[in-house]
Every structure is written in structure tokens, then in C-alpha cells.
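In what follows, chains are A, B, ... by sequence order, proteins preceding strands, each numbered from 1. These numbers come from the heavy atoms of this one structure, side chains and all, not from hydrogens, waters or symmetry mates.
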Amino acid sequence: MEIDRLGNWRRTHYSREITPEMDGEAVVVLGWVRDIRDLGGIRFVILQDREGTVQVTIHRDKAKRESIEKADALQRQYSLGVKGVIKKTEMTPRGIEVIPEEIKILGIAQHPLPLDITSRIPAEIDVRLDARVLDLCRDEGRAIFRVQHVVLEAMRMLLSKEGFVEVHTPRIIASATEGGAALFSVEYFDQEAFLAQSPQLYKEQLTLSLEKVFEIGPFFRAEESHTRRHVNEFISVDIEQAFATEVDVMNVLEELIQHVCEAINERCRRELEVLKHQIEVPEVPLERFTYREILEELEQEQIHVPWGEDLPTQACRKLGNLHSNFYFITEWPTESKTFYIKPRDDNPTSCEGFDLMWRWVEIASGGTRVHSKEFLIQRLREQGLNPESFKYHLKAFDYGMPPHAGWAIGLDRLMMVLTGRKNIREVVLFPRDRFRLTP
RNA sequence: GCCCUGGUAGUAUAGUCCGGUCUAGUAUGAGCGGCUGUCGCCCGCUCGACCCGGGUUCAAAUCCCGGCCAGGGCGCCA
């Protein structure tokens, strides 16, 4: 089929912007065919654009022959443009319809489509991800990523207001000896290199020049996780702040979480409705529990976690039943955290590291960092890491490294919470996991 | 990586336990026809599927073995 040229047609209104008061006005609407209902002498084409839908009504006895032919050729998901006149009517839910003067077919769709774009027949997540671009045409997908946009905008606004400078650190790094998560290796000309799992060391180094920095970007972990809350490429929201401690950055974090929740409630009413989800804006300060308090709480629930260990999934699930919103867990055992988290001065077996939880899911973690070079080297050795591999990082400590603290939010996890989705893949446009590298 | 569950038209499902009634049912979709106010329109006709390989049996969608794939859980996740 020949498709039409866009020519000088430009959208005059999104579907949603058309109101009964505009009766008689000429419009150009552009979008896609969501649905077609043909009653014989009259054909209803539901045109969908980013903002909603509008009905295009074609009367077989009144419309131009060309328009009728175009309307007859349409199928679901065809891209189309309609130049027409708004008609006020009692017979549509919106109180308006568009009577076409001219229809342009701007893009065609191969049928059968791999999933039902009207969402009446559900599809499994695997089918949906295989046809992700089409899946994202559904209301739900659009809603999730518009919420994400508002979240990111709100974060950038608040962090900027607080004096943080947005930075970008390398994704390609030389050393795989940081310990912790497994890294993906890449060929870098004639050297072996790795994809960064976090901006941690770079953002710390930047505190000695820019003082307060934040970074939002993707990072990579080569873990063979197989759960609804892990992907191998994820978006991290990181901050690092000079002359600050755990408590200072926790304050920033809880203010940010509250601000984001408020922003969504204000600006994403329709999206939340589509997602059938409500957001409770948390009160600040958030509840703060020490690791020891959490262990005691679990003990009451007959779950025994030995002091020093990270919380197993089952324990986290139990905490989810006991806590219904965001909360902090502080004073983790030093042995359970990584080398750069600072032990407490009064009791070095505990550290100044914290996690931000939402019910049973870990959303963010952070803490005061070690900023004494000698002690950092000692900590590296204690964790079986070779200080030589960190020589560029350690160099920064020769140039007046300030005391500093920071945190990292798993944006995708936060998005699960904010949109009420149960699988992280729903809130990632093109997820990468152990078994999926495409599309 | 380990454990559990599953794989039937484009999509979502019934049937599988207890083999034969399955020429595999239903919804949606797609094709054709009819219908001038639908909004999950309606009505009629048509199209389209048992993951792959092996085995048991007179007979396998159904039972057994292997593979592949998927979902969920656990572990891993500085």
C-alpha cells in the first residue's frame, strides 16, 4: 500500500485537548488507530495519540469517496492523520467527535499484531518484551515512563536546588578488582576493560573539587540473578557530598523521596489512574531503625539472623509485613558492608552505613565514607583486595580528600514502588537480564 | 547456579490427573458478507495451535526420558 506524505500537516491539538466548546473548529489530529467499529453506514475509528483518544466518525453517505476508501483501508495500529471538523455530540463519552475532511494513512501495521494493543486480552511479560515497542503503545506503558520522567525531573530539580552538580563518570573502567559484584568485560582496543557497576570511586574523588555531585545513569552487574527485582543493566541515582556524614545525606534522601512522591501526586494524576495505583507521601523524617533493632524485631517473628550477616530475602519479606512505607536501617555491622563505609568512632564493629527500604525491598544504600588513606588501605586489605589496583583512587587522598558521604538509589526499584509494578522489567524500557539481551 | 511450576492458533485460555469421545473447545484477532450512533457494537460464514527429539502403547496434546524456552522462588547482588 502507498502511504501518504505528511506534507504540511501538523497537529493542531492532541486528542485530549479537544472539547465540546470547540464545536465547528477545524483540527488536524495525528496518531494511531486504536480500534475500529463499523456499523455499515457509519464507521467509527478511535484515534489514539500520546495524550488519549478521540473518535473519528465517517458517515458513508456524507463523507468524500476518498475519505471512505482511506477509512476502509485502516487497521489497528496504522498511523494516521485526520484533517476535519470538531462536532459536539451527546453520543460519545467525551461529548465530541471529529468529522474528517481528509484522511492520511501515514504508516501501516503488519497483522496479526503480536499482542492486543487495547489490553483486553492480556499477554505474558515475555511476549510483551519481545514486542516491547508495541507493548509501550498501551496506556500502562506510556503511563509508567511518563511517571519516570516526572520523577527524574523532580530529582534533578531538588538536587540542583540543594547545590548538587550533575556529573557523568566513565562507564568503561580498567579495573575489575573492586570486589563485590561481578563485572562484564569488554574489549578496549588491545586491553581488557569492564563496564562500571557503580560511579562510587569517581563520585567520591569529585567531592574534592565540586563538593556536592550527583549522577543519574546506567550501570552494569554481571550477576546471575533470577528475580523480579534484578536486571543486569539498571539506572542508579547517586550523590556524594563533601564535609558531610551519614545523617546529612539521609536527610537529603528522605527529602528527595518525599519531593518525588509529591511531584507524582501533583503531576501524574491520570497516569496513576491508568496504573490503578496510589502514592502515600511519606512523612519526614522517615522512621529509622538500627540493624540491632531490626534483628530483635525479626527475632520476635521467629526469624533468627546472626549478628553481622546481611538480611536474607525471607527476613526482608517479613519486614515488609511489619513496615508499610519507607524506612531506614542504620548502624549495620562493619563486616556486612564494603570497604569504603566508615566504621563508627564509638564502636567500630558497627558502621555509618544505611539502607533505605520500602516494605521488603532495598531501594537505596549509602553512608559516611572512609576518608583516611591509611585506613582505607587497611580496609581494602581486610577485604582481600589489592590496594595497588586502587592506586588512582588512593591518589585522590593525597590531594586533601574531604570527609564525605553519599548514597545510591536503584531508580528502577524506586519506579516499581511508585508505579505499583511487581516486576522490574515493567519499569525498564528494554530490560537486560540473565536471559534477555534483545530487543 | 539450585529448587518448583509450566509450554495448546497472533494473543489469552479449556482439555492433560484418569491415553481413545480431540476431525482439539472458547474468547479475542484476521478474511469475507450484513447492519447509520457504536464506544469490549452486533449477526453469519471462513482462517489459524498441541515447543523439539526419542520412548511406551493397537492408540499420545495427555504417560516416560532428554533438550530448549518461559514464569515464580532461593542464592548471588562492594
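- Comparing A:Tyr340 and A:Asp61, the nucleotide of RNA chain B nearest to each residue sits closer to the 5' end for A:Asp61.
- Interface remark: the A:Ser225 side chain does not form any donor-acceptor pair with the B:C77 base, using a distance-only criterion of under 3.5 Å.
- A:Gln110 places its CD atom 12 Å from the P atom of B:G31, with the value rounded to the nearest Å.
- OP1 or OP2 of B:C74 lies within a sub-4.0 Å distance of a side-chain N or O belonging to A:Arg229.
- Base pairing of B:A14: no nucleotide in any strand meets the Watson-Crick or G-U wobble criterion (both distances under 3.5 Å).
- A:His111 contributes no side-chain N or O that forms a donor-acceptor pair with the base of B:G31 under 3.5 Å.
- Taking side-chain N and O atoms only, A:Arg76 has no distance below 4.0 Å to OP1 or OP2 of B:G10.
- Within 4.0 Å of A:Asp38, counting heavy atoms only, lies at least one base atom of the nucleic acid.
- Residue-level contact check: A:His230 touches the bases, meaning some heavy atom is under 4.0 Å from a base atom.
- With respect to the salt-bridge test (charged N to carboxylate O, under 4.0 angstrom), the residues A:Arg128 and A:Asp135 qualify.
- A heavy-atom distance below 4.5 Å is not found between the side chains of A:Glu246 and A:Lys342.
- Closest to the A:Arg413 side chain, of the nucleotides B:C77, B:U38, B:A12, is B:C77.
- Among the atoms of the strands shown, none is found under 4.0 Å from any heavy atom of A:Arg43.
- By the 30° and 60° cut-offs, the orientation of the rings of A:Phe354 relative to A:Phe328 is perpendicular.
- Between the P atoms of B:C63 and B:A14, the separation comes to 15 Å (whole Å).
- Rounded to the nearest Å, the gap between the C1' atom of B:G53 and that of B:C68 is 10 Å.
- Note on A:Arg120: every side-chain N or O is 4.0 Å or more away from OP1 and OP2 of B:A12.
- Distances from the side chain of A:Glu97 to the nucleotides B:G75, B:C39, B:G37 place B:G37 closest.
- Residue A:Arg37 places at least one side-chain N or O closer than 4.0 Å to OP1 or OP2 of B:C41.
- Picking from B:G37, B:G1, B:C76 the nucleotide with the shortest atom distance to the side chain of A:Met91 gives B:G37.
- Pairing for B:A61 is absent, judged as Watson-Crick or G-U wobble with the two contacts each under 3.5 Å.
- Counting only heavy atoms from C-beta on, A:Gln75 has its side chain closest to B:G31 among B:G31, B:G75, B:G37.
- Proximity of the aromatic rings of A:Tyr392 and A:Tyr202 is defined here by a centroid distance below 6.0 angstrom, and this criterion is not met.
- Contacts of A:Thr118 with the nucleic acid, taken as non-hydrogen atoms under 4.0 Å apart, are absent.
- The side chain of A:Arg221 has B:C77 as its nearest neighbour among B:C77, B:A70, B:C41.
- Looking at heavy-atom distances under 4.0 Å, A:Lys87 makes contact with a base.
- Every residue two or more places apart in sequence or in another chain that forms a side-chain contact (heavy atoms from CB on, under 4.5 Å) with A:Lys212 is listed here: A:Phe164, A:Gln241.
- The side chain of A:Ala123 lies closest to B:U11 when the candidates are B:U11, B:G29, B:G1.
- In this structure, of B:G29, B:C77, B:G1, it is B:G29 that holds the atom nearest to the side chain of A:Pro112.
- B:C76 is unpaired under the criterion used here, namely a Watson-Crick or G-U wobble arrangement in which both key atom distances are under 3.5 Å.
- The gap from the P atom of B:U62 to that of B:G19 amounts to 12 Å, rounded to the nearest Å.
- Backbone-only engagement by A:Pro114 is indicated by non-hydrogen atom pairs under 4.0 Å involving sugar-phosphate atoms exclusively.
- Regarding A:Glu124, its CD atom lies at a distance of 10 Å from the C1' atom of B:U11, rounded to whole Å.
- Among the atoms of the strands shown, none is found under 4.0 Å from any heavy atom of A:Arg34.
- Counting any heavy atom pair closer than 4.0 Å across all strands shown, A:Arg60 reaches no nucleic acid atom.
- The nucleotide whose nearest atom lies closest to any side-chain atom of A:Leu39 is, among B:G10, B:G75, B:G37, B:G37.
- When distances are taken from the side chain of A:Glu223 to each of B:C76, B:G40, B:G72, the shortest belongs to B:C76.
- Within 6.0 Å of atom CZ in A:Phe243, more than 12 heavy atoms from other residues, nucleotides or ligands are found, so the atom counts as buried in its surroundings.
- In this structure, B:C35 forms no base pair with any nucleotide, since neither Watson-Crick nor G-U wobble geometry is met with both distances under 3.5 Å.
- Remark: B:U5 base-pairs with B:A70. Criterion, Watson-Crick or G-U wobble with two distances under 3.5 Å.
- For the pair A:Arg171 and A:Phe219, the distance from NZ or CZ to the six-membered ring centre is under 6.0 Å and the angle to the ring normal is within 45 degrees.
- When both distances must be under 3.5 Å, the Watson-Crick or G-U wobble mate of B:C41 does not exist.
- Atom CG in A:Leu437 sits about 14 Å away from atom P in B:C69, given to the nearest Å.
- Applying the 4.0 Å criterion to OP1 and OP2 of B:G72, one finds that A:Asn423 has a side-chain N or O inside that range.
- Although no hydrogens or angles enter the test, the distance criterion places a donor-acceptor pair under 3.5 Å between the side chain of A:Arg142 and the main chain of A:Cys137.
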